[in-house]
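Letters go in sequence order (proteins before strands), and every chain restarts at 1.
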There are 2 protein chains.
Amino acid sequence: MNQAPLRAAPLLDIRALRTSCSSCSMHQLCLPMGLDEPEMQRLDGIIGRRRVSREASLYRIGDKFVSLYAVRVGQFKTSQTNPDGARQITGFQMTGELLGMDAISTDTHQCDAVALEDSEVCEIPFARLEELFGEIPTLLRHFHRIMSKEITREQSVILLLGNMRAEQRFAAFLVNLSSRYAARGYSSTSFQLRMTREDIGNYLGLTIESISRLLSKLKKEGLLKVSNRQIELTDLPMLKALATGAEAC
Amino acid sequence: MNQAPLRAAPLLDIRALRTSCSSCSMHQLCLPMGLDEPEMQRLDGIIGRRRVSREASLYRIGDKFVSLYAVRVGQFKTSQTNPDGARQITGFQMTGELLGMDAISTDTHQCDAVALEDSEVCEIPFARLEELFGEIPTLLRHFHRIMSKEITREQSVILLLGNMRAEQRFAAFLVNLSSRYAARGYSSTSFQLRMTREDIGNYLGLTIESISRLLSKLKKEGLLKVSNRQIELTDLPMLKALATGAEAC
DNA sequence: CGCCCCTTTGAACCTGATCAAACTGGGTGG
DNA sequence: CCACCCAGTTTGATCAGGTTCAAAGGGGCG
C-alpha cells in the first residue's frame with residue numbers, strides 16, 4: 001500500500017549545507033556556548049569537519065596531538081590500554097562533547113577514540129584555538145569549564161568503580177545516559193544503546209554476562225524493558241534510587 | 001648523654017621568610033613552570049599562603065570556588081562522596097601539585113580536600129589567575145597542561161579500578177608513589193606512607209584487610225620491607241612488572 | 001604505664017568471574 | 001523465499017578473589 005513514498009527522490013543532506021556553529025543544534029552545549037554571533041563565526045573559521053565511520057578510530061594512543069574534536073553527529077568511546085594490553089573504556093561521548101583534552105599535557109593522545117556508529121566531528125586545531133583564547137575571553141572561560149567538567153566526570157567514574165556494587169553501577173550508567181539524552185532534547189526514558197554489552201561491561205568494570213544478568217533482573221523487576229539495544233526505562237525514579245545506593249526495593 | 005642539644009634554641013623558620021615561587025623548590029614542577037623571573041614575580045603577587053593542619057579540610061564539597069591551591073608542604077587527599085554517604089578517595093596530592101580544578105565548571109567544589117599531615121598551600125585566586133592568563137601566555141599554556149595531566153591521571157585510576165586485580169592495583173600504587181617521590185628528589189625506594197591503610201584501601205577500591213594482606217604477601221616475597229608507614233621497596237623492578245600485569249614471579 | 005587506634009591474621013561467606021552451552025536476530029547466498 | 005551463519009547475547013553451573021566478621025596483636029601518645 002505504501003509503496004510510492006518508499007521510492008521518493010533522495011533528500012538533500014541539509015547538514016552538509018550548513019555546518020557552522022551557529023546553525024548547529026549543539027552550540028549551547030558545546031565549545032561555543034555563550035559566544036555572540038561574531039565570536040562564533042571566528043571560532044567557526046578555524047574548525048574543520050570530519051566523518052568517522054562506525055568502529056573507526058578518530059585517534060589512537062600515541063598519535064601526535066593536533067586538534068580537539070567535538071562530536072557533531074553520532075557517539076564515541078574512549079579507552080585506555082594497559083602495558084599488558086588490557087583495555088578500559090573511560091567514557092562514552094555524545095553530541096556536543098569534547099574529545100582529546102587528555103592529549104594537551106604531552107602533545108600525544110593518551111587514549112583511543114572510536115566511533116560507536118557512523119559519526120561526524122568538528123576538528124578544532126588546538127594551536128589556533130589557543131590564539132583565539134587571547135581574543136575571546138568567554139571562549140577561554142568556557143574551555144576551562146569544559147576541562148573541569150571532564151575532571152569531575154572522571155571522578156564520578158572513579159567513585160562508581162571504587163565504591164558501587166554491580167547493580168548500582170549499572171543503574172548509575174543508565175541514569176547518566178538518560179539525563180544526557182534529556183539534555184539533548186531526546187526522551188529520557190526511551191533510547192537506543194549505541195554500545196555493545198561488552199563495551200558497557202568494560203566501562204563498568206564488569207563482565208558481559210553480568211550486564212546481561214542485570215538487564216534481565218531489572219526487566220523482571222519491571223524497572224525497564226529491553227529489546228536488543230532498545231531500552232525503555234519504565235521506572236526511572238527507582239533506577240535513580242538504585243543508582244544513589246538505595247538497597248531494598 | 002645527648003641532653004644539651006635537645007635544649008638548643010629554636011631555629012628560625014626559614015620557610016616563613018622566603019615563600020616566593022622563585023625560591024620554592026617546587027617551581028619547576030608547579031604552576032610557575034617555565035616562567036621567567038619577572039613573570040614569576042607577577043604570579044607571586046596574587047598568591048597567598050595558608051597552613052592546613054593534619055586531618056583538617058582545605059575545602060569541602062559545596063564550598064564556593066574562589067581559589068586553586070598548590071601544595072607547598074605536606075600531602076593531601078581528595079575524596080568524593082556518594083548521595084548515600086560512601087566516600088571514595090580520588091587522589092593523593094604531593095608538593096607542587098594543584099588542587100581544586102574540578103571546581104571551575106560549577107564554581108563549587110566537587111570534592112573534599114584533607115591534609116594527610118601538617119601542610120602548607122599556596123592559595124591562587126582563580127579570578128586573578130585568569131587575568132594573568134591574558135598577560136602571560138606561558139602561564140596559560142602550562143595551566144592547560146596541568147589540567148590535562150589531571151585528566152590523564154584520573155584515566156589511569158579508572159584503568160586501575162576497572163581492570164586490575166588487587167595485587168596489581170597495590171603494586172601500581174606503590175610504583176606511582178615511588179616515581180613521584182623520585183621526581184621530588186627523594187628516594188624512590190624508601191619513603192613513608194602519609195596515608196592510613198584505610199585511605200589506601202579506599203583509594204584502590206579494596207578493604208583495609210586486603211591492603212594488610214597484600215603488604216604481608218609482598219613482604220614475604222621479598223619485594224618490600226614495611227614497618228608501620230615506613231616502606232622500603234627492595235625489588236622495584238619486580239613491583240613495576242607486577243604493576244604492568246606480569247602474573248608469575 | 002595504660003589506653004586506644006591502627007593493623008594484622010584467621011575463617012566463613014558472597015558477589016561477580018569464569019567456563020560452557022544454548023539462543024536470538026539480522027544478513028547472506030543458494 | 002528460506003536455510004544457514006555468525007556475532008552478540010542470554011542463561012546455567014561452578015569457581016575464586018576479595019569481603020565480611022571476629023579476634024588478637026602492636027605502637028604511639030597522653
Side-chain angles (χ1 to χ4, degrees), chain A residues 54-55 77 84 86-89 114 116-118 160-174 192-221 223-231 242 245 247-248, chain B residues 53-55 77 86-89 114 116-118 160-174 192-221 224-231 242 245 247-249:
Chain A
R54 185 164 177 278
E55 294 285 277
K77 63 180 173 187
D84 60 332
R87 215 172 96 267
Q88 170 70 37
I89 295 177
V114 171
L116 294 173
E117 56 190 315
D118 289 349
L160 178 144
L161 291 173
N163 251 314
M164 298 184 187
R165 348 206 97 278
E167 189 177 60
Q168 194 180 356
R169 290 185 200 184
F170 188 59
F173 168 72
L174 290 176
Q192 196 152 38
L193 299 173
R194 307 306 161 105
M195 63 295 284
T196 65
R197 307 277 195 272
E198 188 173 6
D199 285 337
I200 300 173
N202 183 298
Y203 174 65
L204 297 176
L206 301 169
T207 58
I208 189 173
E209 293 95 331
S210 293
I211 300 302
S212 192
R213 278 183 243 273
L214 284 166
L215 270 172
S216 302
K217 178 162 184 270
L218 297 181
K219 187 159 61 172
K220 203 188 305 177
E221 289 170 349
L223 303 194
L224 54 77
K225 290 176 185 165
V226 56
S227 158
N228 293 323
R229 298 201 180 169
Q230 184 62 37
I231 287 263
L242 275 180
E247 285 309 306
Chain B
S53 47
R54 186 166 176 281
E55 294 285 279
K77 63 179 173 187
R87 215 172 94 268
Q88 170 70 39
I89 296 177
V114 170
L116 294 173
E117 57 190 313
D118 288 348
L160 179 143
L161 291 173
N163 251 312
M164 298 186 187
R165 342 208 101 279
E167 187 176 63
Q168 194 180 356
R169 291 185 200 184
F170 189 59
F173 169 73
L174 291 175
Q192 198 151 36
L193 300 173
R194 307 304 161 106
M195 63 294 286
T196 65
R197 305 277 194 272
E198 188 173 7
D199 285 338
I200 300 173
N202 183 299
Y203 174 65
L204 297 176
L206 301 169
T207 59
I208 190 173
E209 293 95 331
S210 292
I211 300 301
S212 192
R213 279 182 242 272
L214 283 166
L215 269 171
S216 302
K217 178 162 184 268
L218 296 181
K219 186 159 63 171
K220 203 188 305 176
E221 289 172 348
L224 54 77
K225 291 176 184 164
V226 57
S227 158
N228 294 324
R229 296 200 180 171
Q230 184 62 39
I231 287 265
L242 275 181
E247 285 309 303
C249 296

Please list, for nucleotides 14-17 of chain D, all pairs of protein and nucleotide N/O atoms separated by less than 3.5 Å.
| residue | atom | partner | partner atom | Å |
| --- | --- | --- | --- | --- |
| D:dG17 | O3' | B:Arg165 | NH1 | 3.1 |

- Query: Checking A:Ser216 side chain against A:Ser212 main chain: does a donor-acceptor pair fall under 3.5 Å?
  - Reply: yes
- Whole-Å distance between D:dT9 C1' and A:Asn202 CG? 17 Å
- Item | Heavy-atom pair of closest approach, residues A:Gly201 and A:Ile211 | CA-CG1, 3.6 Å
- Any side-chain heavy-atom pair from B:Asn202 and B:Met195 closer than 4.5 angstrom? no
- What do the steps show when you test A:Gln192 against A:Ile231 for side-chain contact (heavy atoms from CB on, under 4.5 Å), and what is the final call? CA-CA 6 Å; A:Gln192 196 152 38; A:Ile231 287 263; over 6 Å; no
- Quickly work out the B:Ile208 CD1 to D:dG18 P distance and round it to whole Å. 17 Å
- If every non-hydrogen atom of A:Ala172 is compared with every non-hydrogen atom of A:Leu160, which pair is closest and at what distance? CB-CD1, 3.9 Å
- Task: Report the distance from atom CZ of A:Arg229 to atom C1' of D:dA7, rounded to the nearest whole Å.
- Result: 11 Å
- For the atom pair CG (B:Asp199) and NZ (B:Lys77), what is the distance rounded to the nearest 0.5 Å? 3.5 Å
- Rounded distance in Å - CG (A:Leu193) to C1' (D:dT9): 13 Å
- How close or far is atom P of D:dT19 from atom CD of B:Glu198, stated in whole angstroms? 13 Å
- Query: Contact class for A:Leu206 vs. all strands (heavy atom < 4.0 Å): base, sugar-phosphate, or nothing?
  - Reply: sugar-phosphate
- Item | Atom pair CD1 (A:Ile200) and OG (A:Ser210), whose distance is rounded to the nearest 0.5 Å | 12.5 Å
- Sugar-phosphate, base or nothing in reach of B:Ser212, heavy atoms under 4.0 Å: base
- Considering non-hydrogen atoms only, spot the tightest contact between B:Leu116 and B:Arg194 and give its length. CB-O, 3.7 Å
- Message: Using a 4.0 Å cut-off to any heavy atom of chain A, which nucleotides of DNA chain C are the first and last in contact, reading 5' to 3'?
- Response: C:dT15 to C:dG26
Below 3.5 Å is the cut-off: list the nitrogen or oxygen pairs between protein and nucleotides 22-30 of chain D, distance only.
| residue | atom | partner | partner atom | Å |
| --- | --- | --- | --- | --- |
| D:dG28 | OP1 | B:Asn228 | ND2 | 3.4 |

- Heavy atoms of A:Arg197 and A:Asn228 approach each other most closely as NH2-O, 2.9 Å
- Output for pair (A:Tyr203 OH, A:Leu161 CG), nearest 0.5 Å, gives 7.5 Å
- Query: Does A:Glu221 come within less than 4.0 Å of A:Lys217, counting only side-chain N to carboxylate O?
  - Reply: yes
- Task: Provide, to the nearest angstrom, the distance between the CE atom belonging to A:Met164 and the P atom belonging to D:dT19.
- Result: 17 Å
- Query: Is a donor-acceptor contact shorter than 3.5 angstrom present between the side chain of A:Arg213 and the base of D:dG12?
  - Reply: yes
- Upstream residue (5' side of DNA chain C) when B:Ile211 and A:Thr207 are each assigned their closest nucleotide: B:Ile211
- Message: Applying a 4.0 Å non-hydrogen cut-off, can you work out what B:Ser210 is touching in the nucleic acid: base, sugar-phosphate, or nothing?
- Response: base
- Query: CE of A:Met195 versus C1' of D:dT9: gap in Å, rounded?
  - Reply: 16 Å
- Across the strands shown, which category fits B:Gly205 at heavy-atom distances under 4.0 angstrom: base, sugar-phosphate, nothing? sugar-phosphate
- Minimal heavy-atom distance between A:Leu242 and A:Gln168, with the atoms involved, is O-CG, 3.2 Å
